[in-house]
Amino acid sequence: MKKFGKMGAALLLTLSMTMLGACGNSNGGNTAANAGKNGNAATEAPAADNGGKTAGKSITLGFSQVGAESGWRSANTKSIQDSAKEAGYTLKFSDAQQKQENQIKALRSFIQQKVDVISFSPVVESGWDTVLKEAKAAGIPVVLTDRAVDSKDTSLYVTFLGSDFVEEGRKAGQWLTEQYKDAAEDVNIVELQGTTGSAPANDRMAGFAEVIKGNPHLKIIASQTGDFTRAKGKEVMQAFLKANKDIDVLYAHNDDMALGAIQAIEAAGLKPGQDIKIISVDAVKDGMQAASEGKINFIVECNPLLGPQLMQVVQDIVDGKTVEPRIVTEETTFTSEQAKEALPSREY
């Protein structure tokens, strides 16, 4: 009887350990956290379903970039590539060339390759649910960087790492409102929007409009996309100048469009920063140089160096640690004088 009791106890202990192990792995199929759902401040990142890989082996990250449309984007790409190398990760990198269909194809390729984590900067906000559901079904967590998606199902991604684009628009509007707080006449504003349907274009436009509506003299007389590129910014600004004789302010959603617009303004015999006040977003080196020369009056910073933060998020996800559903980067603003002071030590 004593011998049987010992065997029974051993069997019971084995069964208990087996059940405990199964409970501890119950989140294996849940591949994305409820980012921001029900007001949660943070969520526990589901560990990547890495096919039984053991600790210490290289993490494989699949990253799809929007393109190389600007100096900001190039700096962002370099930061991610350098940070992945420094972290010892295997990086599967894809350039979408500003086309959503290319990006969706890249995400599906990452799923087929069974990467540990997928990250991407969405070309536009809409149209991602299907491919994100495919990633979730494959057990691959997704991290959004720089740009958000408008999916109502926030369980399809773990977190969104990037700037607060609405706040960037507000900062631009606040500076302008302060400059013209005593205006007795209308101030005519033209707006160079980013890529149509993209999160930064939508949000920077919304934040700016929200603030300037408090001053009835601040009027946007023309608004058109410049696709975040210097060439298109120049082209659209030329059209603005031909159609509108009296332009007081240009609000550009990024530095590259502002720099293209400056070429058009100078070609028209006007002085950028004087005849037409210029507000921009990004604060890349070329933009800061133009600001230091007085050609751009105010720049709202949008930090592209997201690589180190992204690699930490990826590591936390693989380790099953808690990840905030929204990670906002720290950024500032620059007047022309401040840009002149900051330019010598500017990293990007």
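The analysis underlying the following values was restricted to heavy atoms, covering all of them including side chains, and did not include hydrogens, waters or symmetry mates.
- A side-chain donor-acceptor contact under 3.5 Å links Thr77 and Gln65.
- The line from OG of Ser336 to CD1 of Ile296 is 8.5 Å long, rounded to the nearest 0.5 Å.
- Between the side chains of Thr159 and Glu324, no donor N or O sits under 3.5 Å from an acceptor N or O.
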Passes side-chain contact (heavy atoms from CB on, under 4.5 Å), Glu266 versus Lys295? Steps please. CA-CA 10 Å; Glu266 290 178 331; Lys295 295 180 179 182; 3.1 Å; yes
Apply the test side chain to side chain donor-acceptor pair (under 3.5 Å) to residues Ser155 and Asp153: give CA-CA distance (whole Å), side-chain angles for both, the deciding distance (0.1 Å), then the verdict. CA-CA 5 Å; Ser155 74; Asp153 184 359; 2.5 Å; yes
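- The closest side-chain donor-acceptor pair between His253 and Glu191 falls under 3.5 angstrom.
- In this structure, Ile140 is a member of the same hydrophobic cluster as Phe160, with clusters built from ILVMFWY side-chain heavy atoms closer than 4.5 Å.
- Atom NE2 of His217 sits about 12.5 Å away from atom OG1 of Thr177, to the nearest 0.5 Å.
- Atom CG of Leu306 is separated from atom OG of Ser163 by 6.5 Å, given to the nearest 0.5 angstrom.
- A donor-acceptor distance shorter than 3.5 angstrom exists from the side chain of Asn76 to the backbone of Pro304, with no hydrogens or angles considered.
- In this structure, Asp186 and Pro216 approach most closely via the heavy-atom pair OD1-O, 4.3 Å.
- The shortest distance between side-chain heavy atoms of Phe120 and Asp146 does not fall below 4.5 Å.
- In the hydrophobic clustering of ILVMFWY residues, with side-chain heavy atoms under 4.5 Å counting as a link, Val190 and Ile276 come out together.
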Please lay out, stage by stage, how Val314 and Ile59 fare under the test side-chain contact (heavy atoms from CB on, under 4.5 Å). CA-CA 9 Å; Val314 169; Ile59 294 170; 3.8 Å; yes
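- Side-chain contact, Asp150 with Ser126: a donor N or O sits under 3.5 Å from an acceptor N or O.
- Under the 3.5 Å distance criterion, with hydrogens and angles disregarded, no donor-acceptor pair is assigned to the side chains of Asp256 and Thr229.
- Scanning both residues, Val149 and Leu144, for their nearest heavy atoms gives CG2-CD1, 3.8 Å.
- Ring planes of Phe93 and Phe63: parallel class, angle under 30° (limits at 30 and 60°).
- For the residue pair Ser280 / Asp255, a side-chain donor-acceptor distance below 3.5 Å is found, with atom types taken as modelled.
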Step by step, work out the side-chain contact (heavy atoms from CB on, under 4.5 Å) result for Ile317 and Val143. CA-CA 10 Å; Ile317 288 171; Val143 176; 3.4 Å; yes
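- Put simply, Tyr157 and Ile104 are part of the same group of oily side chains (I, L, V, M, F, W, Y) that touch within less than 4.5 Å, one to the next.
- Side-chain atoms of Ser70 do not come within 3.5 Å of backbone N or O of Phe228 as any donor-acceptor pair.
- In this structure, Thr90 contributes its side chain and Thr60 its backbone to no donor-acceptor pair below 3.5 Å.
- Ring pair Phe208/Tyr251: centre-to-centre distance below 6.0 Å.
- Side-chain atoms of Ser292 come within 3.5 Å of backbone N or O of Gln289 as a donor-acceptor pair.
- Shown here is Lys285, whose NZ atom has more than 12 heavy atoms of other residues, nucleotides or ligands within 6.0 Å.
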Test salt bridge (charged side-chain N to carboxylate O under 4.0 Å, His left out) on Asp286 and Arg230; report intermediate values, then the result. CA-CA 11 Å; Asp286 286 353; Arg230 198 171 300 196; 3.1 Å; yes
Could you walk me through whether Asp227 and Gln98 pass the side chain to side chain donor-acceptor pair (under 3.5 Å) test, one step at a time? CA-CA 9 Å; Asp227 281 336; Gln98 292 188 288; 5.8 Å; no
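- Between the side chain of Ser58 and the backbone N or O of Gly88 there is at least one donor-acceptor pair closer than 3.5 Å.
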Asp82 and Lys78: CA distance, side-chain angles, deciding distance, salt bridge (charged side-chain N to carboxylate O under 4.0 Å, His left out) verdict: CA-CA 6 Å; Asp82 290 350; Lys78 187 176 186 302; 2.7 Å; yes
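- Formation of a donor-acceptor pair under 3.5 Å by the Ser198 side chain with backbone atoms of Val123 is not found in this model.
- A donor-acceptor pair is defined here as one N or O able to donate and one able to accept, closer than 3.5 Å; such a pair exists between the side chain of Glu301 and the backbone of Thr332.
- Remark: the Gln103 side chain and the Ser64 side chain contain an N/O donor-acceptor pair separated by less than 3.5 Å.
- The same ILVMFWY cluster, assembled from side-chain heavy atoms under 4.5 Å apart, contains both Ile279 and Val187.
- With values rounded to the nearest 0.5 angstrom, Asp246 atom CG is found 7.0 Å from Ile221 atom CD1.
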Show your reasoning for whether salt bridge (charged side-chain N to carboxylate O under 4.0 Å, His left out) applies to Lys232 and Glu235. CA-CA 5 Å; Lys232 195 66 183 291; Glu235 178 187 322; 5.0 Å; no
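- The 12-atom threshold is not exceeded at CD of Glu86, counting heavy atoms of other residues, nucleotides or ligands nearer than 6.0 Å.
- Taking hydrophobic clusters as Ile, Leu, Val, Met, Phe, Trp and Tyr residues chained together by side-chain heavy-atom distances below 4.5 Å, Leu218 shares a cluster with Val249.
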Take Phe334 and Met288 through the side-chain contact (heavy atoms from CB on, under 4.5 Å) test and state the conclusion after the steps. CA-CA 8 Å; Phe334 299 92; Met288 294 287 279; 3.7 Å; yes
Could you please spell out the steps behind the salt bridge (charged side-chain N to carboxylate O under 4.0 Å, His left out) verdict for Lys340 and Glu337? CA-CA 5 Å; Lys340 191 181 297 184; Glu337 285 303 314; 3.7 Å; yes
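- Checking Ser83 against Gln81 by side-chain atom types alone, no donor-acceptor pair falls below 3.5 Å.
- There is no side-chain donor-acceptor pair under 3.5 Å between Glu330 and Asn303.
- To the nearest 0.5 Å, atoms OG (Ser119) and NZ (Lys92) are separated by 16.0 Å.
- Residue Glu185 qualifies as open at atom CD: its count of foreign heavy atoms under 6.0 Å is 12 or below.
- In terms of modelled atom types and a separation under 3.5 Å, the side chain of Tyr348 and the main chain of Leu305 share no donor-acceptor contact.
- With rounding to the nearest 0.5 Å, the separation of OH in Tyr89 from CG in Asp116 is 10.0 Å.
- Side-chain N or O atoms of Asn188 include none that pairs as donor or acceptor with a backbone N or O of Ile220 at under 3.5 Å.
- Side chain of Arg108 to backbone of Glu134: no donor-acceptor contact under 3.5 angstrom is found.
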